[in-house]
Amino acid sequence: MTDPYLLAKWLHILSSTVLFGTGIGTAFQMVWAMRTGRVETVHSVASGVVVADWIFTTPAGLFQPLSGLWLVHLQGWSLTEPWLVPTYALYVLAFACWAPVVHLQIRIRDLARAALTEGRPLPAEARRLYHIWFALGWPAFGALTAVFWLMVAKPELPGF
């Protein structure tokens, strides 16, 4: 029989890898596509990014807090451990940035589709939305990077 803690830890690490890796990969692809300015490229890549978010990022993002709570339970930690409290806040920050990003990607895809269908260049609105999308990615990236550090280091933080 598999050790429940090792199973929970493996699943937590695996899903965090999917969440973080898909995020970095799709962000790179979207930045690269937008740099071309080619409506066909933007439409194709944005379409793939939207699908990747639904297939990979969303399930992994939903599983992360569940597997994290499972690990907390299995280890017998308090939910208010000094390193866990900022982890929760950072994860909420990452989610608060990610949720509008999904909507922005869908809008960019739809604007590119309309431009492609009508034989027009990518509209300025798509670029404006992309700049917001890009800006939201940085706090999400920073928050998840900090969560990784907290999970590994489990530091004693003053004030908690």
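Just so it is clear, the model here is predicted, and its values are computed rather than measured.
Using a 4.5 Å cut-off on side-chain heavy atoms (C-beta onward), Leu122 and Ile108 make no contact. Taking the side chain as every heavy atom from C-beta outward, Leu150 and Pro155 approach each other to under 4.5 Å. Val31 has its side chain within reach of Tyr130: a pair of non-hydrogen atoms, C-beta onward, lies under 4.5 Å apart. Looking at Ile24 and Phe141, their side chains come closer than 4.5 Å, going by heavy atoms from C-beta outward. A 4.5 Å side-chain heavy-atom check between Ile132 and Leu104 finds at least one atom pair inside the cut-off. Under the 4.5 Å side-chain criterion, counting only non-hydrogen atoms from C-beta, Ser67 is in contact with Ser15. Between Leu90 and Leu144, the closest side-chain pair of non-hydrogen atoms is not below 4.5 Å.
For the atom pair NE2 (His12) and CH2 (Trp70), the distance works out to 11.5 Å, reported to the nearest 0.5 Å. Rounded to the nearest 0.5 angstrom, Leu116 CG and Glu40 CD are separated by 5.5 Å. A distance of 12.5 Å separates CZ in Arg35 from OG1 in Thr41, rounded to the nearest 0.5 Å. Separation of atoms CH2 (Trp10) and OH (Tyr5) is listed at 15.5 Å; rounding is to 0.5 Å. Residue Phe148 holds its CZ atom at 6.0 Å from CZ of Phe20, rounded to the nearest 0.5 Å. Within the model, atoms OG1 of Thr57 and CD of Gln64 stand 11.5 Å from one another, a figure rounded to the nearest 0.5 Å.
Under the 4.5 Å side-chain contact rule for hydrophobic residues, Val49 and Val18 do not share a cluster. Each of Ile13 and Val152 belongs to its own hydrophobic cluster when Ile, Leu, Val, Met, Phe, Trp and Tyr are linked at side-chain heavy-atom distances under 4.5 angstrom. Taking hydrophobic clusters as Ile, Leu, Val, Met, Phe, Trp and Tyr residues chained together by side-chain heavy-atom distances below 4.5 Å, Val147 does not share a cluster with Leu93. Hydrophobic clustering places Phe63 together with Leu7 (ILVMFWY residues linked when any side-chain heavy atoms are closer than 4.5 Å, directly or through intermediates). Cluster annotation: Leu136 and Met34 are assigned to the same hydrophobic cluster (Ile/Leu/Val/Met/Phe/Trp/Tyr, side-chain heavy-atom contacts under 4.5 Å, transitive).
Residue Pro100 comes nearest to Ala96 through the heavy atom pair CD-O, 2.9 Å, listed as atom of the first residue, atom of the second, then distance. Across all non-hydrogen atoms, the minimal contact from Pro65 to Leu62 is CD-O, 3.4 Å. In plain terms, the two heavy atoms of Ala8 and Leu74 that are nearest each other are CB-CD1, 3.7 Å. The two residues Pro139 and Ala135 have their closest heavy-atom pair at CD-O, 3.0 Å. Contact between Trp133 and Met30 at its shortest, heavy atoms only, is CH2-CB, 3.4 Å. Minimum interatomic distance between Val39 and Ala112 (heavy atoms only, all atoms of both residues): CG2-O, 3.4 Å.
The other members of the hydrophobic cluster of Phe28, by chain and number, are Trp32 (side-chain heavy atoms under 4.5 Å, ILVMFWY only).
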**OP:** Show the numbers, then the answer: is there a side-chain contact (heavy atoms from CB on, under 4.5 Å) between Leu79 and Leu69?
**Re:** CA-CA 8 Å; Leu79 289 173; Leu69 290 173; 3.6 Å; yes
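Sequence neighbours left out, not one pair with a member in residues 86-99 passes side chain to side chain donor-acceptor pair (under 3.5 Å). Sorted by first and then second residue, the side chain to side chain donor-acceptor pair (under 3.5 Å) pairs involving residues 16-27 (not counting sequence neighbours) form an empty list. Within the structure, side chain to side chain donor-acceptor pair (under 3.5 Å) pairs that include any residue of residues 138-156 do not occur (at least two apart or interchain).
The one candidate from Arg128, His43, Arg120, Glu125 that meets the side chain to side chain contact (heavy atoms under 4.5 Å, CB included) condition with Leu111 is Glu125.
Heavy atoms of other residues, nucleotides or ligands lying less than 6.0 angstrom from CZ of Phe95 number 12 at most.
Applying the ring-ring contact (aromatic ring centres under 6.0 Å, His included) criterion to Phe56, with sequence neighbours excluded, gives no partner residue. For Arg127, the salt bridge (Lys or Arg N to Asp or Glu O under 4.0 Å) criterion is met by no residue, not counting sequence neighbours.
A donor-acceptor pair is defined here as one N or O able to donate and one able to accept, closer than 3.5 Å; no such pair exists between the side chain of Gln29 and the backbone of Val45. Between the side chain of Thr58 and the main chain of Asp53, a donor-acceptor pair closer than 3.5 Å is present. At least one donor-acceptor pair closer than 3.5 Å links the side chain of Glu81 to the backbone N or O of Ser78.
Between Arg113 and Asp110, at least one side-chain nitrogen of the basic residue sits less than 4.0 Å from a carboxylate oxygen of the acidic one, meeting the salt-bridge criterion.
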